[in-house]
Each structure stands twice: as structure tokens, then as C-alpha cells.
Amino acid sequence: MNQGVSESQCSLDDLCINTIRTLSMDAVEAANSGHPGAPMGLAAAAYVLWTKFLKHNPENPAWEDRDRFVLSGGHASMLLYSLLHLTGYDLSLDDLKNFRQWGSKTPGHPEYGHTPGVETTTGPLGQGFANAVGMAMAERHLAARFNRPGHEIVDHFTYVMCGDGDLMEGVAAEAASLAGHLELGKLICLYDDNKISIEGATDLAFTEDVGMRFQAYGWHVAKVSDGNDVAAIGEAIKAAKSETGKPSLICVRTQIAFGSPNKQGSADAHGAPLGKEEVRLTKQALGCPPDAVFCVPELAGVAFRESIGKGRAAENMWREKEQAYRTAHADLAAQYRNAVDGVLPEGWDADLPTFSDAPVATRAASGKALNALAARVPTLMGGSADLAPSNKTEITCSHDFQKGAYDGRNIRFGVREHAMAAVMSGMALHKGVRPYGGTFLVFADYMRPAIRVASLMRLPVIYVFTHDSIAVGEDGPTHQPVEHLASLRCIPNLTVIRPADANETVAAWKTALTHTDGPVALILSRQKLPVLSKQPENLARGAYILRSVPGTPDITLLATGAEVHAALGAADLLQEKGISAKVINMPSWELFEKTEAAYRTTLLPAEGAPRLVVEAGLAMGWERYLGANGAAVAMTGFGASAPGGVVLEKFGFTAENVARKALALINR
């Protein structure tokens, strides 16, 4: 350990708290960028939580019965990195010195899977708060499903630290409302009430009584008037843990950049280094050697590292409980282990439906597939943003997940699309459940920030988007997605699947459940679609020839979803005119790009017939598949209000119009 802070000038608590502050200041100063203010203000609350309450094992960050800790205000990342280093996680002092640098384990905002001990990727404010709600929901569900008298195998808390910015965001309000309704008593939020935002004092735009708002949501609310009062913070956390019927909000009145003579309480300390001289003055004010850098006093180091022994003992005790649980409830224990490890049960896909000739809306086929899977995959859990009857997302073999019935698997998210998506991410991060959530495709915009972060984390969540095009009809352009397919396809790590019929929809669900390296978005029709005769297993390759022709075709038609049927009809019309048209169904660009190069070349040779894309959305992005002489039958603006069939006809998504466009392309 480095000697630094004078151990005779302050108590051990102060010594440890000031060590967090000085490490945070030094890392931001070394990087010449970052956010020193929040870590300095929150240091005392974080110290109390991490050393006196948080159940965690630095030697095993993945221990499943650990308490979860989410730093929702991810800009305060040096607070978390300091805690991880000091309590013994695999994060060295050199890692702190490389804060925000290329290849470091300490990026500017915490990243899940990148830094040991980081539970979720936070950065966009409010997301982490909603993730924490999802984690608490998963804990309650697993506890209700698996715990038995005398054998509480699932028993942990979810803690989240957030700031004013988090609580200004709508997603946090949505998630807090849901958490209060569900009475998630093992969710505890420490609110950094420092009354400062980037632009200045929060009263520029934020004068509400946050505590009263959360009381209205159904939360237990406590206030700590001095953010450096270790005893008061401890008592507030203890009381929150005792309040089992409500989630808890602890409003901690802190001062941003505490200890800084010239920047304490100032917005200037939010997102910029304090400066070398101010760092020196701050250390002096805190009783630290002013010129020492990245110091961990020996006594502080020893105190923090007690977390290793305590964590090891806590996990060992839990392992003994797990062994006793296996002895007493062998079948449940095996199910629990499979759930946490994400193992699909044997025969999980044995009862999936097969559809014959009658036309079926792919949303309806999705509902049947979901229920066939849910009967055999008990971890499958989710719902809809108040659209379950339309999205077909209700699990008929289970009841609702509600207060007093946490073993239910149907989640009523309410009209809270953004929170739904972020909560799903939290559930997936927790592990033990496989979350899905549905809404209309046009409302994917309300979910996009959470979808993006889930994709960044490669979380195995499933989005069920129905009402997939202008065929929505009478509800008009506000409810008719046109840019949404392109918008989703451009998100890295997100797999978008738009099946063309009922059987492909079943295959899409199978693909989604076996895909564990990122989220999957299922894009489904409101209207009924004919059932294709081809085998749906081809969907897993992303694209395949639905209609082949001898030799080289005169034109290749590429389509997805409902428009595949227009392309097939156009091929028939062209054949009557002596024109050969190959039809390629391309339900998923992402799956297609993962297939071998030879297969992709077989479908789309570099030289050959002109290509015409048919999709009731923007053509943006299809350029990669059009080739030199390609064109598209696609949307170029918004839709219109009329019956769905009329809208499709007026915008040209008919076999006749596709055939005309194909002929024009061939003859130009």
C-alpha cells in the first residue's frame, strides 16, 4: 500500500472516505477529463454502503446471491472504480491511472463485461435506475419460484445510486412508478441530492419535491441532511432494509466536489478536472499530503480489503445453503441452476406449432409460438406495454407477476415503453429469467436508448414488435412505422428478424431463444399472411431463395415480411410475360451476414441480373444488396389513414406494381 493520507489527522472512516475522493480526483486529473464532483460528494455514502451493508465477494463478482449495485449516474465512474479497486476486485492502481485511456479497464462510463464488478453499462441518465428495477424484479421472481421454508436460496438486495439528472429523466419516473406498484421491498436507491446539474443549480429547471413524488409512487422515503454523516447514512440504509413492503429512496444531501475550497457546491466541478492547484488545495483541506498522487494509506487499504474475507465467508455460507437445498429439493435445485446458467430444458422446442394453408397474422403465430415455448421454458417471462391483446404476448399457462404473486410470469408494464426495455435489460443482467417485451413497432422509438445499451451489452432480450408497416391502416401515419426497420438495423449487435409467414415466425422464436450474444427484435404483421410452402428452417441463414429459375434470372426480387407475398405474385405476372424472376426472402440482414461468404455469393452473385427490393419501409440500408443496377419499391415518406389494403395499394405494394417496376428496371 502507498502511504499518503495522514492517518493521525482523521478517523478511519474519514481516512477511507477521503481515499475515495483523492483517487477520483487524481484519475480525472491524469486523464484531463472526467467528472470529479459526484464521486467526491458521494464518497461517504458509497463507503458506508460498500463496507457495512453490501453483500459481495470481490473474488467472485458473478456470485449469484450477491447484492447488486448500480451506479446510475455513470459519469461518476471513478467512484465505482475506486471502490472496486479498494475492496479487492481485479482492478489495479495502474488501471485507475489509465482512466479513460485506450484499452483500459476503466472507461469513462462503466461498461458491463469490461470491468470486473460492473453490473450494468450506465451513461444515458435514468437507464441504470430502470435496470436496477429489473434486477429487483428478477430477484423477487426467482425467490418466489425457488425459495422454500428454511431454504432461502435467493435473498439479496439491489442498490442503486442516482442523481438529479437521473430523476429528471422520464425513464426513471416510469420505472419508479412500476417499482412502487410492485412493492419491490429489496430495492434501495441512494439519491445524490446535491442540487447541481451541468448548467448550474437544479432549480433552473427542477424544483419539485422528489421525496413527495416517490411517496406518491408508493416508496418509503428517508432523508439524510448531511451527506458526510456516516452514522445517519447507516441508519437510513438499515431502516430501508427493514421496510420489506416498499422500495426505498434515501435522499442524501451532499455537496458536489466536497472538500474543494473553490469548487465545492459548484457546477464547475461536474464534468471537468479540478486543476492541479485545486487538487492540491483540496487534499490539503481534507488533511491529505497535497503532493501525493494515487495514494492508498495502509490503514484504509486494510479496512477496505476486509471486504474480501467477508465476501468469501458470505459466499461460502451461501454455498452450504445451496448444498442443503440440493439435498432437500433436488429437482428445484437443478431447475434453479439451469435458470441461472441460461440452459434451455430438454425438449424445449418439442411442441411448437406448424401452420398449414390458412392465412395467419405473424403476430398471432408469435403468440402461439410464445405459449408453446413458455410451457416448456419456465424462465421465459415478459409482457407488453399495455398492448398484450394486440401484441399476443400473454403467457396463458401462468398468472401475472404482481405484489404477492411474484412467481407469475406475465408482467404488466403499463404504458411505459422506455422503462419496459430498460427493466428487461436489468432482468437479463440479473440472470435466471429470459425476458421479452412487446409493443407496436412504431413505439420502438420510445425504447431506443434502452435497446441501444442492451445491444452494447449483448444482452439476450427479445423485443416483440407488431403492427409492422403502413398496413396498420386506419390509425394513420402516427401509428404506421416507415423508418423503424432501418433505424433498428443500424444498431450494432441487434438482430432484426421480419418473418414472411406463420411458420417463419415460429422459426424466428427458436432463433431468438438460442441467440445469447445480443438482443433480438421480432418484426410482426397485424394483417393475415398466406403460409409459404418452403421450410422455415432456412430463416436461420437470414436469407434464402424462395423461388428459383433455371439459369440466370432476368431479375432478382428481394423482400421481407408481408412484401414477400407481393414479390411472389409479381414473379408470377412476370413469368406470364416470359420474364424469369428469382425471389429471395431476406428476413434478417444480421443472420445473413453471419453465413459463410460462399452462401452469400450464391444468393447474390457480384455479376448478374438487376435487383429490386420490396419492403414497406424506407429503402435506407438496402444499398448494400442492390448492386450496381438495383432499385426499390419502398416508402419515401409517411403513410396515410385508410384501410390497410387500400394504403398498401396506394403506395405501390402490390404484385402488379412490383411487376411494373421490375419491367422498367430490366428495360432501362
Hey, does the side chain of [X] reach the backbone of [Y] with a donor-acceptor pair shorter than 3.5 angstrom?
X	Y	result
R66	A62	yes
D95	S92	yes
R434	P460	yes
S177	A173	no
R21	T282	no
Y325	F146	yes
S104	N98	yes
S425	A454	no
D67	T158	no
K431	G342	no

About how many Å separate [atom2] of [Y] and [atom1] of [X], when rounded to the nearest 0.5 Å?
X	Y	atom1	atom2	result
D192	N194	CG	CG	4.5 Å
R68	L187	CZ	CG	13.0 Å
L488	R452	CG	CZ	13.5 Å
L83	L91	CG	CG	11.0 Å
H181	E183	NE2	CD	8.5 Å
C162	M168	SG	CE	11.0 Å

What's the verdict on side chain to side chain contact (heavy atoms under 4.5 Å, CB included) for V230 and I17, showing C-alpha distance, side-chain angles and the deciding distance? CA-CA 10 Å; V230 169; I17 293 165; 3.7 Å; yes
Any ring pair (Phe, Tyr, Trp, His ring centres under 6.0 Å) involving [range]? Give me the pairs, sequence neighbours left out, ordered by first then second residue.
range	result
residues 21-52	H35-H75, H35-H270, Y47-F304, W50-H56, W50-F69
residues 230-263	none
residues 186-237	F129-W219, F214-Y217, F214-W219

Verify whether one side chain among T202 and D164 offers a donor that lies under 3.5 Å from an acceptor in the other.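 The criterion, which ignores hydrogens and geometry beyond distance, is not satisfied for D164 and T202.
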Hey, are E64 and H430 close enough side-chain-wise for a donor-acceptor pair under 3.5 Å?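 No, because no side-chain N or O of H430 sits under 3.5 Å from a partner of the opposite role on E64.
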Using a 4.5 Å cut-off on heavy atoms from C-beta on, say whether the side chain of [Y] contacts that of [X].
X	Y	result
I411	M137	yes
L182	Q402	yes
V160	M135	no
K97	T106	no
L86	L23	yes
Y159	V70	no

Go through the structure and list residues passing ring-ring contact (aromatic ring centres under 6.0 Å, His included) with F53, not counting sequence neighbours.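 F53 satisfies ring-ring contact (aromatic ring centres under 6.0 Å, His included) with no other residue.
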Partners passing ring-ring contact (aromatic ring centres under 6.0 Å, His included) against H109 (at least two apart in sequence or in another chain):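 For H109 there are no ring-ring contact (aromatic ring centres under 6.0 Å, His included) partners, ignoring immediate neighbours.
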Least distance between heavy atoms, [X] atom then [Y] atom:
X	Y	result
V461	A428	CG1-CB, 3.7 Å
T122	L71	OG1-O, 2.9 Å
D166	S72	OD1-OG, 2.8 Å
P116	K105	CD-CE, 3.9 Å
G432	L142	O-CD2, 3.6 Å
T22	C288	CG2-SG, 3.9 Å

All salt bridge (charged side-chain N to carboxylate O under 4.0 Å, His left out) counterparts of [X], not counting sequence neighbours:
X	answer
K195	D193
E315	R319
E174	none
K238	E235

What's the verdict on side chain to side chain contact (heavy atoms under 4.5 Å, CB included) for C251 and V221, showing C-alpha distance, side-chain angles and the deciding distance? CA-CA 7 Å; C251 305; V221 176; 4.2 Å; yes
Is it true that atom CD1 of I198 has more than 12 heavy atoms of other residues, nucleotides or ligands lying nearer than 6.0 Å?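 Incorrect, the count does not exceed 12.
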Using a cut-off of 6.0 Å, state whether more than 12 heavy atoms not belonging to E199 lie near its atom CD.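 It does not: E199 CD has 12 such atoms or fewer within range.
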Evaluate side chain to side chain contact (heavy atoms under 4.5 Å, CB included) for K52 paired with D13, printing each intermediate quantity in order. CA-CA 11 Å; K52 304 182 188 303; D13 285 343; 3.9 Å; yes
Could you please spell out the steps behind the salt bridge (charged side-chain N to carboxylate O under 4.0 Å, His left out) verdict for D155 and K55? CA-CA 10 Å; D155 183 17; K55 182 176 69 172; 5.5 Å; no
Hey, could you give me each pair passing salt bridge (Lys or Arg N to Asp or Glu O under 4.0 Å) that has a residue in residues 129-140? Not counting sequence neighbours.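 Of all non-adjacent pairs touching residues 129-140, those that pass salt bridge (Lys or Arg N to Asp or Glu O under 4.0 Å) are E139-K186.
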side-chain hydrogen bond (donor to acceptor under 3.5 Å, both in side chains): pairs with one or both residues in residues 244-253, sequence neighbours excluded: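 The answer is none; no pair qualifies.
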List the atom pairs, with distances to 0.1 Å, where a side-chain N or O of residues 271-280 and a protein N or O form a donor-acceptor pair under 3.5 Å, not counting sequence neighbours.
unit_1	atom_1	unit_2	atom_2	d
E278	OE1	N262	ND2	2.7
E278	OE2	S260	OG	2.6
E278	OE2	N262	N	2.8
R280	NE	D291	OD1	3.0

Should I237 and L190 be marked as a side chain to side chain contact (heavy atoms under 4.5 Å, CB included) after you check the CA-CA gap, both sets of side-chain angles, and the distance that decides it? CA-CA 9 Å; I237 296 174; L190 283 82; 4.2 Å; yes
Answer with yes or no after comparing the ring centroid distance for F401 and Y406 against a 6.0 Å cut-off, counting only values under it.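 Close enough - the centres of the two rings lie under 6.0 Å apart.
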